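As the structure lists them, so they are numbered: ligands from 1, and atoms in each ligand from 1. Starting from 1, each residue takes its place in the sequence as its number. Source: prediction; values computed, not measured.
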Amino acid sequence: MEKIIEEYQRKFARFLGAERAFAFWKGRVALYALLRALDVGAGDEIILPGYTCVMNVNPIKYAGARPVYVDIEPDTFNMNVNLLEEKITNKTKIIIAQHTYGYPCEMDRIMKIAQSGGIPVIEDCCLALGSKYKGRMVGTFGRAGYFSSQWNKPYTTGLGGMVITSDRQLAERIESLAANEMCPPSGREVFMLRMQLMIYRLFIYPRTTALAQSLFRYLTKKGAVVGSSSTSEFEPVKADDFFKAMSAVQARSGIRQFGKIEANIAHRRKIAQLYDELLTAKGFKSSKDGRDWAEPVLVRYPVRITEKDKALKQAAKAGIELGSWFECPLHPIETPLASYDYKLGICPEAEKASREVVNLPLHLRVNENIAVKTVEFITGFTQI
Ligand SMILES: Cc1ncc(COP(=O)(O)O)c(C=O)c1O
């Protein structure tokens with residue numbers, strides 16, 4: 001393994017307070033490595049919230065297991081822990097605690113339920129780098145945690161994923177799987193990713209995001225860029241080169257941004273607080289997490305409104321950066337839900353949130369001016 005990747009892994013593990021970190025091409029690949037290392041196979045059931053990205057469900061299907069969805073609670077969009085126990089069967093192999101938007105899950109309760117059934121918990125921290133629960137970083141409560149540094153995530157290496165764990169046996173399993181089965185990204189993929197990262201650094205600002213996203217989706221379909229997801233990933237069939245390693249380009253970019261991670265977190269907190277203040281001044285309910293044990297670092301700031309579709313269309317025209325996820329219980333809207341064992345109606349709160357929630361940006365290119373304009377725009381709609 002290249003030294004730069006080892007260095008990135010070391011820095012990542014140290015920041016989170018874990019013994020080891022393992023880097024992958026994407027977050028979904030990190031989850032796949034974890035499921036395989038935990039011996040997930042045919043007939044197993046994996047519990048996760050029914051408010052996620054379909055790319056997070058693919059690895060479960062690739063491993064031969066069945067996803068079992070738990071509805072969410074409406075304030076934090078995290079798994080409703082009151083509904084967890086009834087989903088556990090003698091086939092439950094793993095519980096995935098997803099810290100949605102950056103709000104920490106109720107880890108004590110989840111761990112207690114899981115431990116009483118002898119079921120390992122893994123934490124999906126893809127949206128929650130730096131969030132804390134009772135003063136401790138999320139990702140360090142379960143057997144392992146996994147992270148993403150894709151375009152929309154707390155910081156971006158274009159694409160990227162990481163597993164952290166302090167479980168030595170699990171770490172050895174991941175290492176041996178990676179050594180025996182993981183393939184390197186192709187030269188073309190790495191070249192294109194490097195170009196895309198350059199373009200991102202130079203041209204992508206809140207004003208240009210909607211246009212850039214449409215162009216990016218179009219070019220991905222044409223195979224002209226390395227997209228986050230290819231069209232083949234909307235069916236649960238694993239591509240031969242899915243289990244892919246991180247490239248040195250991603251690791252270099254990751255190290256650069258990890259050097260500024262404290263400033264990134266402080267910025268997210270500051271803009272989230274500004275949104276809280278501006279929204280409440282306009283009669284909106286803020287999305288502040290009022291629970292005293294939660295110290296979230298939000299990746300995006302969720303707001304429930306009527307007329308979500310209209311808001312998204314108008315925002316794109318007005319140069320306001322508004323996020324649409326999650327568009328359905330297994331984002332995005334194109335997902336064939338039945339192929340992923342999701343029947344409409346099984347997670348009503350998640351379905352409601354998908355219809356109502358838009359999210360406001362918190363990344364480093366959002367300044368106070370942009371935050372004010374974004375709030376002016378969104379408060380032109382009615383909050384639910
Ligand atoms: C909650 C969540 N977990 C995992 C992933 C997968 O991350 P990646 O895109 O890096 O594969 C996503 C999707 O982007 C996500 O939203």
Test ring pair (Phe, Tyr, Trp, His ring centres under 6.0 Å) applied to Phe234 - qualifying residues, sequence neighbours left out: none
Output the distance between atom CD1 (Ile4) and atom CD1 (Ile255), rounded to the nearest 0.5 Å. 4.0 Å
Which residues pass the side-chain hydrogen bond (donor to acceptor under 3.5 Å, both in side chains) test with Ser253, not counting sequence neighbours? Gln257
Under 3.5 Å, which donor-acceptor pairs link side chains of residues 269-276 to any protein atom two or more places apart or in another chain?
from   : atom 1 : to     : atom 2 : distance (Å)
Gln273 : NE2    : Glu277 : OE2    : 3.2
Tyr275 : OH     : Pro361 : O      : 2.8
Asp276 : OD1    : Tyr301 : OH     : 2.6

Ligand-protein N/O pairs under 3.5 Å (ligand 1):
from     : atom 1 : to     : atom 2 : distance (Å)
ligand 1 : 3 (N)  : Asp124 : OD1    : 3.4
ligand 1 : 3 (N)  : Asp124 : OD2    : 2.7
ligand 1 : 9 (O)  : Arg28  : NH2    : 2.9
ligand 1 : 10 (O) : Gly27  : N      : 2.8
ligand 1 : 10 (O) : Ser148 : OG     : 2.7
ligand 1 : 11 (O) : Gly27  : N      : 3.3
ligand 1 : 11 (O) : Arg28  : N      : 2.8
ligand 1 : 11 (O) : Arg28  : NE     : 2.6
ligand 1 : 11 (O) : Arg28  : NH2    : 3.4
ligand 1 : 14 (O) : Lys153 : NZ     : 2.8

Mind checking the CG-CD spacing from Asn80 to Glu106? Nearest 0.5 Å is all I need. 8.5 Å
Within a reach of under 6.0 Å around CZ of Arg20, are more than 12 heavy atoms found that belong to other residues, nucleotides or ligands? yes
